Each structure stands twice: as C-alpha cells, then as structure tokens.
Amino acid sequence: MSKVRPQSSPKSKRVSAVRKSASGQKSLVRARAEAKAAIAEARRAHERLRDALDILPEGIVFLDADGRYILWNQQYADIYKRSADLFAPGARLADTLRIGVARGDYPEAAGREEDWIAERLMLLANPRGRHEQRLSDGRCILIEERRTAEGGVIGLRVDITEMKRREASFRLLFDANPVPMFVCALDGGRIVAANDAAVAHYGHGRDALLGMGLAELHDDGDLPDLADESADAAGRTFRQRKADGTAIDVALFSRLFAWENVPAALVAAVDITERKRAEARVAFMAHHDALTSLPNRVLLRMHMEEMLVRARRNGLGVATLCIDLDNFKAVNDTLGHPFGDLLLQEVAARLRSALGEHDMVARLGGDEFAVLHPDVETPAEVGALAECIIDVVSAPYSLDGHQVTIGASVGIAFAPVDADDADRLLKNADMALYRAKGDGKGACRFFEAEMDARLQARRRLEIDLRNAVAAEALEVHYQPLIALDRRNVSGFEALLRWRHPEHGMVPPSDFVPVAEETGLIGAIGAFVLRRACADAAKWPDPVTVAVNLSPLQFRNGALLQTVKDALERAALPPRRLELEITETVLLDRSDHVLATLHALRALGVRISMDDFGTGYSSLSYLRSFPFDKLKIDRSFVRDLGSNADSQAIVRAIIGLGESLGIAITAEGVENEADLACLEEEGCKEAQGFLFSRARPQFEVLDMLAAGSRRARDVA
Ligand code: C2E
Ligand code: CA
Ligand code: CA
C-alpha cells in the first residue's frame with residue numbers, strides 16, 4: 001500500500017487566505033462566514049439527530065421552557081396521528097393540545113377542555129415522570145417526561161396498547177382461573193399476586209397470602225425451584241398445608257414471565273390430594289386382601305423375591321409356611337358367611353400378633369394364609385413357629401355371641417434347599433400343606449421331594465382321566481343289594497370303574513376326588529346316570545339302581561335336568577332310581593341344594609343317605625330332608641361281631657330308621673357273623689362282598705336271569 005500524502009482541504013486553504021488578509025473588513029467577513037458555517041454545521045447536527053430519533057421505536061419530543069416544540073421524531077407524530085407540519089419549530093404545545101382536544105383525541109378531557117389543557121401545560125413546569133394516557137381510539141400510550149437542563153421538557157411516548165391488552169387477558173386468565181395461582185418473585189419466592197381460587201383454597205386472607213413466601217405453604221418449608229420449568233406434564237408434587245392445618249398434596253406448575261416488568265414465576269397449584277388418596281387406595285387394594293387388610297398373594301410374591309435376594313447375600317434361609325384352617329368351612333356353613341368373615345379377620349389379627357417384625361403374613365384366599373419367615377438358621381426354629389401358629393389359631397374364639405374352635409394345618413418349604421424361586425417355594429409349601437391336611441387336623445409337615453413326585457403322578461392321572469372321559473373308557477359296574485327276608489336282589493349300586501391302560505383298574509376313591517377337583521365330575525356324573533338308567537331298564541321291574549352323587553354335581557344347577565334326561569332316554573320309571581348322597585352335600589346349607597333334592601324326590605326318585613354315621617351331625621341332617629334310606633357305613637358293620645360300640649350304633653340306627661319310617665341298608669357285609677348280627681338287629685337290606693362284588697352289566701344280567709330261574713324253580 002502506498003503512503004497517503006497529506007492534502008490540504010478547501011477549508012484550510014480558506015483559513016490561510018483569511019490569515020493573509022490584514023484588514024478588519026476582512027475579519028468581519030471571516031466572522032460572518034464562520035458563523036454561517038457554524039449554523040450550517042448545527043443544522044446538519046440537528047438533521048442527524050432527527051434522523052437518529054426517527055429510527056427509534058418510541059416517540060420522542062423536546063419542548064422548550066415556553067412549551068414550544070424544539071424537536072420530535074416521526075413516531076411521536078405517528079402516535080398522535082398528526083402531520084409533521086403541526087409541529088413546525090416555534091409551534092406551541094398549547095396549540096396542538098387545543099387542536100387535539102377539538103378533534104376529540106383526549107377522551108379524558110371531554111367536558112373540561114380548558115382545564116385539561118391548563119393541567120397539561122402545568123405539567124410542563126413539573127413533569128409527572130411516567131404515566132399512561134388513553135386515547136379516544138382506545139390506544140394506550142405510556143408517557144415519560146423529564147425536565148431538561150434548560151427548563152424545557154423531554155418526553156417519551158410508547159404505544160403500549162398491545163401490551164395492555166395482553167396484560168388484561170392475563171389478568172382475566174389469572175383472576176378468574178378456578179385453579180389456585182400465584183405470582184411469585186423469583187428471588188425468595190415471595191407471593192406478589194394470588195388469584196381468588198388461591199385465596200379460597202388455602203384459607204389465608206388475601207393480604208396474609210400476599211405477605212407470605214411460597215415456601216411457607218409447604219409442609220417442609222422448602223422452596224421449590226421456581227425457575228425450573230422443566231417439570232413434566234404432571235408438575236412437581238409437594239405437600240402443603242392450608243390455613244386450617246389440613247395437609248394437601250399439590251402439583252406445582254411454574255412458568256417464568258415478566259410481572260410488571262420484573263422477572264417472576266407464574267405458579268399454578270393443582271390440588272391432587274384426592275387423586276393421590278385414590279391412587280393409594282387402588283395400590284393398597286391391588287396388594288392387599290379387602291377382608292383382612294393382609295398383603296395378598298401379589299405382594300407376598302414381591303416380598304418373597306426380595307427376601308430371596310437377601311438370602312442369597314447373607315447365606316441364611318427363607319421359610320414359607322402355607323396355612324390352611326381346619327373346620328373353617330363347617331363353621332362358615334353353619335354360622336353363615338358374615339360370621340366366617342369375622343372369624344377370618346380374627347385369625348388374621350392373631351397371626352399378625354404371633355409373628356416377628358420381619359415376618360410377613362398374607363392371605364392367599366379363602367381360609368388359606370401364608371407366612372414368610374426370613375433369616376432361617378435351622379428347620380427346628382421354623383417348626384417351633386409353625387406349632388406356635390397352630391396353637392394361636394386353635395385357641396377358642398368368642399365372636400358375635402358364638403364360641404367356636406377351629407384348627408390349622410401348616411406346610412413348610414425352605415429356600416434355597418427346597419426351591420430357589422418364589423413360585424416353586426410357594427408351590428412346595430402348598431404341597432407340604434396338602435400332605436399335612438391329609439395326615440389329619442392340626443398337623444405341620446415339611447416339604448419333601450417325594451411329595452413333588454406324588455403331585456406329578458396326580459397330574460398325570462388327571463390327564464389320563466380327561467382322556468378316559470373323552471374316549472368313554474369309564475365303565476359302570478353294579479353291586480347287588482340283598483333283601484334279607486327273601487334273600488333276593490332288590491337292586492344294584494352303580495359303581496364307577498376305570499380300566500387304565502397301564503395301571504389296570506383304578507379305584508374310584510383315587511380318581512373321583514381328581515374328577516371333583518378338575519370339574520370333570522359333571523361329565524362323569526352325567527355319564528354314570530345315563531349308563532345306569534339304560535342298564536337298569538334291562539333289569540326286571542322292580543329291581544332298582546342306586547347312583548352315587550358328588551356334592552359338586554349339585555353346584556352347577558344342571559343335576560335335575562340330567563336325571564330327568566337319563567330316566568326319559570332309558571324309559572326307566574323314576575321309582576326304580578335311587579340317588580345316594582353323603583352329608584357333605586348338606587353341608588352347603590343353601591336353599592338351592594334342598595330345593596334340588598325335593599324336586600328330585602317329587603319326580604319319584606328315591607334319595608338315600610350314604611355312609612351314615614361317619615359325618616359330623618347326622619341326626620340334624622335327618623330333619624332337614626325326608627330321606628328314603630340310610631346306608632349304615634361299613635366301618636360300623638366291619639367289626640359288628642367283636643365291637644360292642646359298633647353293635648350299639650347299628651342298633652340305634654336301625655331303631656331310628658324304624659321310628660322315622662326310613663329304610664336301612666347295611667354296607668360292607670363280608671361274613672356270615674356280621675350278617676347274622678344285622679339280621680338279629682332287624683336289618684332288612686344288606687350289601688357286601690359276602691353276596692357279591694360289583695360286576696359288569698353282562699354278569700348282572702346273568703345273575704338276574706339265574707335268580708328268576710331259581711325263583712321260578714322254587715315256585
Ligand atoms: P360307596 O358309595 O360307599 O360305595 C361302596 C364302596 O364299598 C364301593 O367301593 C364298594 O366296592 C365297596 N364295598 C362294597 N362291599 C364291600 C365289602 O364287603 N367290603 C369292603 N371293604 N368294601 C365293600 P368303590 O367301588 O371302590 O367305591 C368307593 C367310593 O367311590 C364309593 O363309596 C363312592 O363314594 C365313590 N364312587 C363310586 N362310584 C361313584 C360314582 O359313580 N359317582 C360318585 N360320585 N362317586 C362314586
Ligand atoms: Ca354309595
Ligand atoms: Ca357308602
């Protein structure tokens with residue numbers, strides 16, 4: 001780059017020319033020229049200032065001490081919608097005010113125009129600082145006026161109409177909002193505004209509220225971070241307190257904004273107390289039993305998982321105890337469900353009080369409970385706990401004016417020895433319980449691997465039985481009932497037989513309970529009824545057929561129709577069908593069972609009570625339904641010859657039958673001695689291996705044919 005040589009300006013040339021002049025004339029000329037230049041310079045500066053002012057968004061005006069316009073910018077003229085020539089230098093504010101008043105620009109001046117103008121002019125002497133002015137067209141102007149050093153006024157005008165409108169709609173949204181809302185200072189959280197909903201909700205008066213910090217509403221006094229707008233849609237939840245001391249849960253939503261030009265937080269407080277309470281209730285209900293408030297199976301399992309993790313860490317065991325109440329069903333049936341509920345609640349309370357603080361007791365359903373006992377060192381300690389549970393539950397109850405006693409059976413399994421996951425542990429404890437129940441009331445059993453094997457076998461049996469039903473592989477055999485006076489067959493009892501492809505004949509005592517548990521009994525029972533009626537229809541009248549009914553067949557409501565169908569299909573007269581039920585059918589005290597029995601009897605079918613003498617309260621059942629026959633259980637018949645007690649019982653039953661007009665049949669007669677005894681006591685009908693085992697239909701037909709031949713021969 002080349003060096004720039006200094007150049008002489010035209011002005012410096014002129015100055016040197018003047019300097020060269022010697023006369024006073026010359027200096028006058030020079031002074032005039034200089035003044036002219038200065039004025040031109042000042043005008044240029046003025047122009048530049050105006051240009052600069054025109055760029056500003058605010059309107060700006062300078063007035064001298066006499067109220068004459070010195071300077072204004074375009075925005076000033078625009079705000080008042082005046083043409084710029086109105087403000088020609090030298091024009092007075094008073095004149096423009098007068099014109100404006102005449103045009104109706106100042107609504108506040110209406111009716112007092114001269115006074116208003118005078119007031120405005122007065123202000124010039126003493127500017128008001130900042131204030132707002134409303135124009136006739138609805139616009140709102142912010143005015144800021146200050147005195148200048150020369151005694152004039154410099155004024156600023158900003159059109160804040162839009163801002164005012166926004167503020168008004170904010171006001172409306174804020175004040176009338178049904179959600180409690182606050183405006184809080186960002187620094188310290190002081191409440192600077194509160195809407196009506198907030199005043200009403202918190203119960204502090206508005207004045208009290210406005211003096212407070214938001215944190216004072218909080219239970220823990222912690223100030224939420226108001227600047228944190230990141231809270232999700234649910235807001236941040238806090239526990240607060242109302243003026244009356246009530247604790248509430250609120251979700252706070254805060255947004256930053258400018259409140260009267262100061263940064264502030266707009267805070268909405270949504271009361272979620274009810275929602276939280278409802279959520280807590282739902283959560284509790286999902287994990288607890290409604291009747292006893294004990295944890296339910298879901299919570300037990302969750303807890304179990306935790307304990308198993310802990311056990312893995314500390315090397316100690318976890319015991320699971322499954323508890324089933326003995327005799328509960330009978331109490332529930334006899335004294336009614338409301339009483340049963342009371343009893344379960346009392347059992348729950350006793351269990352809870354009998355356990356340590358680290359133990360958990362849950363209700364699994366019905367009369368089944370489970371206890372989790374962590375940190376087990378020896379099985380003996382759990383055995384002792386189980387005994388304690390049995391004792392506590394077995395102590396007599398005095399509830400609602402009744403004295404009752406129930407018992408408990410307990411099955412125990414350990415982690416990690418018996419199982420190391422929650423499901424298996426619970427299952428194994430349940431299996432041990434199953435065994436405990438089978439071993440008699442009040443027993444406690446530890447899980448053994450062999451129980452699992454047995455359960456597996458049972459499960460296989462269930463599958464096989466399903467297949468057998470589907471393939472119609474079940475048979476019905478018939479055992480004769482002998483009329484003792486004539487020594488001939490009066491009827492047959494239908495007994496189920498299952499010829500298993502691998503296990504041979506499976507006795508009904510093995511598979512009927514499986515059928516009952518799996519619901520297969522409905523289909524099987526209907527099959528026996530149809531088969532027995534069809535077979536009996538081929539026997540000579542009046543030989544009867546007796547069919548055993550499971551209590552579960554009374555449950556589904558189809559029994560009456562099933563019996564009718566079986567009779568109709570076989571065209572068997574109802575009087576030739578007997579139905580054998582046990583006392584367990586009557587344990588269900590519902591009207592439905594008795595109604596079904598009466599309806600069956602009304603058909604002409606006879607009803608026998610099976611296994612009489614083995615139940616709980618046989619005599620009372622005799623009153624509840626008019627039985628046609630009692631079958632003395634074979635446990636009394638078996639040792640009739642040798643056991644005086646059995647003899648007394650059989651004698652009593654036969655006497656009872658005679659006086660009530662109920663026929664008596666003795667089951668399980670195996671030898672002549674027992675038969676002789678029975679005959680001596682006046683028994684009229686008997687059944688047992690002494691006469692015959694149950695036989696298939698073709699043998700029965702032979703037997704009947706032979707019998708009638710013999711009868712003919714005798715005749
Ligand atoms: P239950 O109704 O008491 O039937 C009589 C049982 O005693 C039969 O056993 C029969 O074979 C057996 N029995 C008969 N005479 C003698 C005897 O002199 N000595 C001995 N020791 N036993 C004798 P089963 O056939 O094994 O039936 C056992 C139980 O299975 C029946 O007892 C009954 O409760 C149930 N059952 C059998 N068939 C059916 C059925 O079709 N439906 C229902 N629900 N249960 C049935
Ligand atoms: Ca029977
Ligand atoms: Ca029986």
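Here the structure is a predicted model, which is why all the values come from computation and not from measurement. We count ligands from 1, going down the list as the structure has it; atoms in each ligand are counted the same way. Computed from heavy atoms alone, side chains included, the values below leave out hydrogens, waters and symmetry copies.
- The heavy atom nearest to atom 1 (P) of ligand 1, out of those in Ile581, Asp610, Leu690, is found in Asp610.
- At a 3.5 angstrom cut-off on N or O pairs, Leu496 counts as close to ligand 1.
- The Ca ion (ligand 2) has an N, O or S atom of Glu580 under 3.0 Å away, backbone or side chain.
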Take Arg601 and Asp628, measure what salt bridge (charged side-chain N to carboxylate O under 4.0 Å, His left out) needs, and give me the verdict at the end. CA-CA 9 Å; Arg601 203 159 177 273; Asp628 296 288; 3.1 Å; yes

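- Asp420 and Arg424 are not joined by a salt bridge, as no carboxylate oxygen comes within less than 4.0 angstrom of a charged side-chain nitrogen.
- Put simply, atom 3 (O) of ligand 1 has protein non-hydrogen atoms near it, under 4.0 Å away.
- Which of Pro508, Ser635, Pro507 comes nearest to atom 26 (O) of ligand 1 through a heavy atom is settled by distance: it is Pro508.
- When the N, O or S atoms of Asp610 are ranked by distance to the Ca ion (ligand 3), OD1 comes first.
- Of the heavy atoms in Glu516, none comes closer than 4.0 Å to ligand 1.
- Residue Ser608: no N/O/S atom is found under 3.0 Å from the Ca ion (ligand 2).
- Restricting Asp611 to its N, O or S atoms, the one at the least distance from the Ca ion (ligand 3) is OD1.
- Of all protein heavy atoms, the one closest to atom 21 (N) of ligand 1 is Glu670 OE2, 3.0 Å.
- Counting heavy atoms under 4.0 Å from ligand 1, residue Gln479 touches it through the side chain alone.
- The atom of Glu667 that is an N, O or S and sits closest to the Ca ion (ligand 3) is OE2.
- Ligand 1 has no N or O atom lying under 3.5 Å from any N or O atom of Ile521, backbone or side chain.
- Ligand 1 has no nitrogen or oxygen under 3.5 angstrom from a nitrogen or oxygen of Gln687.
- In terms of protein heavy atoms, atom 46 (C) of ligand 1 is closest to Asn548 CB, 3.9 Å.
- Heavy atoms of Arg634 found under 4.0 angstrom from ligand 1 belong exclusively to the side chain.
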